[in-house]
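Report on the following structure.
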There are 2 protein chains.
Amino acid sequence: MGKRDTEVTGAESPVQFSVDRSSPVPLYFQLAQQLESAIENGRLAPGSLLGNEIELAGRLGLSRPTVRQAIQSLVDKGLLVRRRGIGTQVVHSQVRRPLELSSLYDDLEAAGQKPATRVLRHTTTPADAEVAAALGVAEGAEVVLVERLRLTHGEPVAHLRNHLPAGLLRLETADLEETGLYRLMRSAGITLHSARQAVGAKSATAEEGERLGEAEGAPLLTMQRTTFDDTGRAVEFGTHVYRASRYAFEFQLLVRP
Amino acid sequence: MGKRDTEVTGAESPVQFSVDRSSPVPLYFQLAQQLESAIENGRLAPGSLLGNEIELAGRLGLSRPTVRQAIQSLVDKGLLVRRRGIGTQVVHSQVRRPLELSSLYDDLEAAGQKPATRVLRHTTTPADAEVAAALGVAEGAEVVLVERLRLTHGEPVAHLRNHLPAGLLRLETADLEETGLYRLMRSAGITLHSARQAVGAKSATAEEGERLGEAEGAPLLTMQRTTFDDTGRAVEFGTHVYRASRYAFEFQLLVRP
DNA sequence: GAGGTCACATTGTCCGGACATTGGCCGGAG
DNA sequence: CTCCGGCCAATGTCCGGACAATGTGACCTC
């Protein structure tokens, strides 16, 4: 019950949308999802107009604010562009997902690389000045230190060194071997909010080369990251080193209007 | 005329807001700006509640949707966090600007580095397969090629190699020496929309070392970027190389909820 | 005293309407 | 033929209200 159908661009490929008022999913979200999938499937051709908001609302039995909210969420994602006096059209560029706060583990898994993790160290240690500043704890305070080697197909990809505030969550070495740190934090009820990153490059020292299977002096990609939860608390400080021959950061970014 | 004042957190430091209905600036935007500056100045303490939307609207003489729009824009920026049943509070982390589609020129200028540019090449050339694919033109089609050396304090920082579709804009070598490419494109009426980037590392070849003032084999940071305007057209394809000893990418990213 | 239950506060969702602003189209004037 | 002005379509802004969903805290019961 409570369904309404409609279409846009009545020309060649009429795309149908419908909302279910009995669903607990917000109406604007239902519409946004359907629009997004229609765009990804190509049922909504790139560059095509979306039809004016008022009529679209009328056909769906929704109000204009609700339709606008759905459209706006896709504009924020970069899938649509609004032009006053013209209409709303589908952006026709290869939009990958914009830069997310993703873990290396998820990145590799999404690429079908079957990541594996070897935990090299998992202890507590006094925070040095750098770690203390990043995590917002006193210098010398005990923090959790995790050092991991991330591999794909048995080959090392990166060396990950992370510091976490003590008592933030119960970390099990076995879990660390199984999945990524971010997933463990999320499933512990921590809401990741933002991160500050710095990406650079360096030459491998003898020790780093040994660890990663590269020659001394080989180019390495470095990343330092501090992650905050939604209360502003620093929940993680990481210093990571990637083999440049095996990994590069790829991402899409949008211009904030 | 048409001003209304109010405050939040009537406790110690009453923060005043006011909107000017005679201004052409949207009301929600006025409020958002005032909230943002209050947060940056610390007049709105990190972690403090913002007071409920209905009362805030009433005091300002605005409707709740308008107030919500202002708050929402700051939530999107990562400055505020909403919690249903609780209220809206100020995030208390050092929020720098999130990753923007900025040019190296702007980055350096913002850091007070007084960037200089030396144009090494500025011609047209047939597109090879890689450039043609990135720009969406036919292989062999004529495209504009610009090679620049970016310096600060007389020292090279990066070597920038850019390809642009022919006829996109009139590029003057003199302008390129004066400012960044993105600024020139924007002032030519091009609306930058999104970019796809890949960041990696490599060792300097003899030629690269020569150009950048580094030894052969020195670590370099590489970036490839394709930029699109709001119609989805590729407007620029760049292959850049940075001295790792002088430059690193720093940015903040937000979790998309 | 401990536990659960209920009221309250606050944000989330949604509606229907009104007017302003902008960009393109078309017709008329020069 | 060109240029200018006005009309039209579409999004932008704003209002006032209504009900739902969700944490918090106090109250009540056991």
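Every heavy atom of this structure was used, including side-chain atoms; hydrogens, water molecules and symmetry mates were not.
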* To do: Please list, chain by chain and in numerical order, all residues satisfying ring-ring contact (aromatic ring centres under 6.0 Å, His included) with A:Tyr28, sequence neighbours excluded.
  => none
* What integer distance in Å separates A:Leu56:CG from D:dA9:C1'? -> 16 Å
* If the sugar-phosphate is the primed atoms plus P, OP1 and OP2 and the base is the rest, what is the B/S/- string for nucleotides 13-20 of chain C, using protein heavy atoms under 4.0 Å? -> BSBB-B--
* Asked: Taking NZ, NE, NH1 and NH2 as the nitrogens, is one of them in A:Arg148 or A:Glu177 under 4.0 Å from a carboxylate oxygen of the other?
  -> no
* Roughly how many Å is it from CD1 in B:Ile54 to P in C:dA9, rounded to a whole number? -> 11 Å
* Asked: A:Leu50 has an atom CG; how far is it from atom C1' of D:dA9, in whole Å?
  -> 16 Å
* Structure fact -> Here the distance between atom P of D:dT22 and atom CZ of B:Arg83, to the nearest Å, is 16 Å
* For the residue pair B:Val25 and B:Ser23, what are the closest heavy atoms and their distance? -> N-OG, 2.9 Å
* Asked: Counting N and O atoms only, with roles assigned by atom type, does the side chain of A:Gln30 sit under 3.5 Å from a partner on the main chain of A:Asp20, one being a donor and the other an acceptor?
  -> yes
* Asked: Just wondering, do A:Phe228 and A:Leu192 contact through their side chains at under 4.5 Å, heavy atoms?
  -> no
* To do: Take the protein atom CD1 of A:Ile86 and the nucleotide atom P of D:dC8, then report the distance between them rounded to whole Å.
  => 17 Å
* Given atom CG of B:Leu80 and atom P of C:dG12, what is their separation to the nearest angstrom? -> 11 Å
* Given D:dT11, is OP1 or OP2 found less than 4.0 Å from the side-chain N or O atoms of A:Thr88? -> yes
* Tell me: CD of B:Gln72 to P of C:dG12, nearest whole Å? -> 7 Å
* Between B:Arg82 and C:dG12, does any side-chain N or O lie under 4.0 Å from OP1 or OP2? -> yes
* Asked: Whole-Å distance between D:dA9 P and A:Glu53 CD?
  -> 16 Å
* Under 4.0 Å between a Lys/Arg side-chain N and an Asp/Glu carboxylate O for A:Arg82 and A:Glu53? -> yes
